Amino acid sequence: MGIAEQLEKEKKIRQEKNRIAKIYKNINMDRDITKVLDGLISDAAFMRVSLEEVKQKLIKEGMMEKFVNGSQEFMREKPEAKLFLNFMKQYANTMKQLIDLMPVQVKEEEQDQLLQFFQSGKDTVKK
């Protein structure tokens, strides 16, 4: 990875960190929780950017590769595909932890807004 690519990746990670942090900006939290939150946000941002990179590579090259072992030849899952799946699991876990750190009132407000959104779409379909 060249310097320009590395700088671009760092920029994307910073943008993702800012995007996630903005969600928690106006929520009053205990100082200890804020420290945990910062670490989770950093991890989530890194994983999301990395997932996008691996995803683009898998889209271009596919998830399977030809593997030759002596006289045997067969198709196997690429290491990047395994990496992608493992990162997806870890990313989902990290995002769940971030959501769980939200105060109950905020989670309920977000849930109410989501339900209103779904209901408005449902009403539009009925018309």
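As the structure is a prediction and not an experimental result, all values here were calculated from the model. We use all heavy atoms of the structure for the numbers below, so side chains are in, but hydrogens, waters and symmetry mates are not.
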[X]: partners by salt bridge (charged side-chain N to carboxylate O under 4.0 Å, His left out), with sequence neighbours left out:
X	answer
K55	none
E53	K9
E16	R19, R48

query: Which residues satisfy the side chain to side chain contact (heavy atoms under 4.5 Å, CB included) test with E5, sequence neighbours excluded?
result: M1
All side chain to side chain donor-acceptor pair (under 3.5 Å) counterparts of [X], not counting sequence neighbours:
X	answer
K57	E80
Q15	none
S42	K17
K78	E61

Compile the donor-acceptor pairs under 3.5 Å between side chains in residues 63-71 and protein atoms, sequence neighbours left out, one pair per line.
{"unit_1": "E65", "atom_1": "OE2", "unit_2": "R76", "atom_2": "NE", "d": "2.9"}
{"unit_1": "E65", "atom_1": "OE2", "unit_2": "R76", "atom_2": "NH2", "d": "3.1"}
{"unit_1": "K66", "atom_1": "NZ", "unit_2": "E73", "atom_2": "OE2", "d": "3.2"}

query: If you link I, L, V, M, F, W and Y whenever their side-chain heavy atoms are under 4.5 Å apart, who else ends up in the same group as I3?
result: L7
Please table the atom pairs, donor to acceptor, closer than 3.5 Å between any side-chain atom in residues 82-99 and protein atoms at least two apart or in another chain.
{"unit_1": "N86", "atom_1": "ND2", "unit_2": "K82", "atom_2": "O", "d": "3.4"}
{"unit_1": "T94", "atom_1": "OG1", "unit_2": "Q90", "atom_2": "O", "d": "2.9"}
{"unit_1": "K96", "atom_1": "NZ", "unit_2": "D100", "atom_2": "OD2", "d": "2.8"}

When rounded to the nearest 0.5 angstrom, what distance separates [atom1] in [X] from [atom2] in [Y]?
X	Y	atom1	atom2	answer
L40	I33	CG	CD1	11.5 Å
F46	E10	CZ	CD	11.0 Å
I13	D43	CD1	CG	10.5 Å

